[in-house]
Number of protein chains: 2
Amino acid sequence: MEKNKKKTTIYDIASLANASPSAVSAVLNGTWEKRRLSRKLAERVMRVAEEQGYSVNVQASLLRRERSNIVGMIVPKYDNRYFGEIAEQFEAMARARGMFPVVTCTQRDPQLEFEAARELISYQAECLIVTGATDPDRISNFCAGSGVQSINLDLPGSGAPSIISDNEAAAFDLTNLILDRCQQEMGWIGPLRFVGGRLADHNTSTRLSGFLSAHKARGMEISNDHVLAAGYSAESAARVLAEFQPNEPTGLFVNSTISLEGVVRWHSGLGRLSKNVRYGCFDWDPFGSFLPGNVGMVEQDVTAMLTKAFSLINRNDVPPERYLVPCKLRVF
Amino acid sequence: MEKNKKKTTIYDIASLANASPSAVSAVLNGTWEKRRLSRKLAERVMRVAEEQGYSVNVQASLLRRERSNIVGMIVPKYDNRYFGEIAEQFEAMARARGMFPVVTCTQRDPQLEFEAARELISYQAECLIVTGATDPDRISNFCAGSGVQSINLDLPGSGAPSIISDNEAAAFDLTNLILDRCQQEMGWIGPLRFVGGRLADHNTSTRLSGFLSAHKARGMEISNDHVLAAGYSAESAARVLAEFQPNEPTGLFVNSTISLEGVVRWHSGLGRLSKNVRYGCFDWDPFGSFLPGNVGMVEQDVTAMLTKAFSLINRNDVPPERYLVPCKLRVF
DNA sequence: ACATTTTGCTCCATCGATTGCGCAAACGTT
DNA sequence: AACGTTTGCGCAATCGATGGAGCAAAATGT
């Protein structure tokens with residue numbers, strides 16, 4: 001470990017170890033036995049490389065190689081457990097398979113999503129996993145044009161295979177749970193309110209569909225004023241509820257943990273009226289079960305989704321279908 | 001956008017646009033005016049590049065260039081808001097400065113931390129920001145040996161500048177807040193318990209020191225059985241409290257949101273005794289203020305820490321000092 | 001008309017690692 | 001001793017983009 005400013009290359013090691021650059025390369029990338037180099041040379045080279053604190057120049061290496069083994073992932077935010085877990089597990093699973101994960105966070109900004117995709121392709125990523133993108137098709141088209149595989153996760157697109165939670169079934173189950181609890185704990189039977197998200201968004205509309213059919217199965221109608229999907233932020237959830245005084249029992253279906261923040265803020269400001277409220281949330285958070293009034297949450301099965309995603313990587317016969325992954329209902 | 005499997009290179013574009021590869025290169029990297037190429041040629045090349053869906057091969061480009069503009073970051077986990085925010089803001093701030101952020105998650109595994117550092121150096125990162133590492137000095141030594149700058153964040157080391165929260169001051173303030181609330185709300189004056197973390201860990205011991213001096217300032221002693229630092233996991237926090245029945249008022253200083261999960265689990269199982277408990281937590285979570293008994297949290301100032309970190313990047317006159325960043329006390 | 005400058009573009013070496021190919025020495029066979 | 005085989009290693013082309021150097025044509029000056 002010298003204090004050199006310049007980095008050691010295989011050429012430096014070659015002259016120090018009295019070998020040729022190609023021998024050094026073979027030793028350091030483990031192909032030396034295949035190339036019939038002697039163990040003696042190999043050990044000499046490895047010792048020198050160790051002493052010099054050598055590490056390959058990936059740029060040079062990948063330029064020459066045919067495959068990069070890089071898998072890219074685009075993630076919108078790290079502000080909830082869902083995406084945090086996706087990123088973390090993705091990295092671990094990629095490493096376990098000998099791939100190099102590169103994750104980048106795009107702040108739900110469509111332009112940044114596209115730039116990030118381009119950037120990952122520039123790095124010769126062989127596959128791009130696009131998570132929660134606002135415009136997945138634009139990205140999968142671009143990938144296809146560059147001969148790069150892409151896979152949608154969490155939000156579906158039509159240009160690439162999409163692995164998504166079974167939002168409808170889980171919303172159906174969660175709705176039933178909330179309805180049941182309202183009846184059991186407050187003796188109240190009635191339609192819930194749907195809070196958070198955007199109807200134009202695929203996940204929101206699918207969840208709403210499950211929400212509606214659970215009501216329909218009980219012979220309940222949902223009027224428009226019970227669908228409060230004004231956005232994902234905590235603020236918008238708090239805003240749509242601001243005027244609502246639950247003088248009688250009521251129940252809420254909350255569409256994400258971000259919206260849940262707004263709901264809980266509203267709920268905690270209700271005083272003694274708060275006992276009239278039960279709610280459940282689509283998405284999981286470790287503190288969720290301790291929030292008063294919360295009867296359950298839907299945890300999306302990140303491991304199953306990513307396992308499926310990895311099973312599609314490096315296959316070229318994958319149709320742009322949707323793969324539905326069941327969720328886990330956490331009952332509190 | 002053809003369906004080519006091979007990627008388009010500047011050579012492909014050169015022949016299609018009837019220009020030389022160097023002209024194409026100059027056009028596409030924006031140096032064409034400096035190289036006195038005509039606007040006509042430039043436009044022709046750009047049009048062809050667009051049509052072919054070209055994106056540079058970063059490997060080739062960086063191999064030839066002198067600087068990579070890559071800044072790497074190592075982060076232990078994405079399982080709490082603190083590190084999620086660090087990663088997210090780091091990416092945004094790096095991009096705003098024209099750098100390329102690469103973040104990788106190391107699961108608090110010392111070996112993986114080291115491998116990840118080596119990997120980032122292999123990618124020619126010019127600076128490595130090492131966050132929450134178990135062995136920061138090993139990494140900064142390795143970086144120094146490769147002529148790569150490194151900066152410690154969150155946990156200090158001796159081999160590189162370290163930007164850390166002012167844990168002692170914030171712990172002092174948080175302790176006082178909890179003590180005050182115990183007195184105001186329960187009429188109880190007495191020593192708190194310190195829950196979570198590991199004493200060998202720098203942050204834990206510094207926070208404990210602030211915790212102790214706040215008590216000392218009030219003439220209170222802390223006995224060893226009030227320091228319950230058996231690890232960071234929710235399980236270990238729940239375990240150390242399992243036997244504890246708060247038949248009288250009591251207060252807890254919780255050392256992280258992960259430990260807080262365990263504390264809240266314990267607290268929610270206390271039944272009517274739970275009214276005897278007040279606690280505060282070092283670290284912030286959006287649901288924290290809604291947890292019963294929680295009197296306040298410390299939010300570390302991620303923006304200030306990262307701003308400081310970026311101000312040190314690409315400077316070679318930075319001594320391996322510690323820079324303390326004040327925290328924000330959130331009072332509930 | 002000739003010299004000088006400017007414009008517009010291309011040639012080619014280079015970055016560091018990889019790998020097909022080939023050569024020489026050592027070893028084995030008859 | 002002559003010949004084939006194995007062992008051990010190096011040569012040099014290559015990946016794609018970059019940029020210094022240089023050349024020819026056009027523009028300008030005298």
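Order of the sequence lines fixes the chain letters, A, B, ..., with proteins taken first and strands second; residue numbering starts at 1 for each chain.
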5' priority, DNA chain C, between Ser22(A) and Arg64(B) [closest heavy atom]: Arg64(B)
For Arg118(A), all residues meeting side chain to side chain donor-acceptor pair (under 3.5 Å), sequence neighbours excluded: none
side-chain contact (heavy atoms from CB on, under 4.5 Å) partners of Asp12(A), counting only residues at least two apart: Thr8(A), Thr9(A)
Whole-Å distance separating the CD atom of Gln124(A) from the C1' atom of dA17(D): 12 Å
Outermost nucleotides of DNA chain C that come under 4.0 Å of a non-hydrogen atom of chain A: dG16(C) to dC21(C)
Which residues share a salt bridge (charged side-chain N to carboxylate O under 4.0 Å, His left out) with Arg322(A), sequence neighbours left out: none
Selection: residues 25-44 of chain B, any non-hydrogen atom under 4.0 Å of DNA chain C: Arg35(B), Arg36(B), Leu37(B), Ser38(B), Leu41(B)
Arg65(B) CZ to dG20(D) P, straight-line distance once rounded to whole Å: 12 Å
Angle of first-five versus last-five pair axes in the helix from dA1(C)-dT30(D) to dT30(C)-dA1(D), to 10 degrees: 50°
For Asn203(B), all residues meeting side chain to side chain donor-acceptor pair (under 3.5 Å), sequence neighbours excluded: Asn167(B)
Under 4.0 angstrom between Tyr11(B) side-chain N/O and dT18(D) OP1 or OP2: no
5' precedence on DNA chain C between Ser20(B) and Val58(A) (nearest-nucleotide basis): Ser20(B)
Partner set under side chain to side chain donor-acceptor pair (under 3.5 Å) for Arg39(B), not counting sequence neighbours: none
Heavy-atom neighbours of Asn18(B) CG exceed 12 at 6.0 Å: no
Set of residues satisfying side-chain contact (heavy atoms from CB on, under 4.5 Å) with respect to Glu88(A), sequence neighbours excluded: Lys77(B), Tyr78(B), Cys105(B), Gln107(B)
Atom-pair distance (CG on Leu63(B); P on dC15(D)), nearest Å: 14 Å
Test side-chain contact (heavy atoms from CB on, under 4.5 Å) applied to Glu119(A) - qualifying residues, sequence neighbours left out: Tyr123(A), Arg95(B), Phe100(B)
Chi angles and distances behind the side chain to side chain donor-acceptor pair (under 3.5 Å) call for Asp154(A), Thr131(A): CA-CA 6 Å; Asp154(A) 179 63; Thr131(A) 306; over 6 Å; no
For Ser162(A), all residues meeting side chain to side chain donor-acceptor pair (under 3.5 Å), sequence neighbours excluded: Asn152(A)
Partners meeting side-chain contact (heavy atoms from CB on, under 4.5 Å) with Ala94(A) (sequence neighbours left out): Val71(A), Met99(A), Pro101(A), Phe310(A)
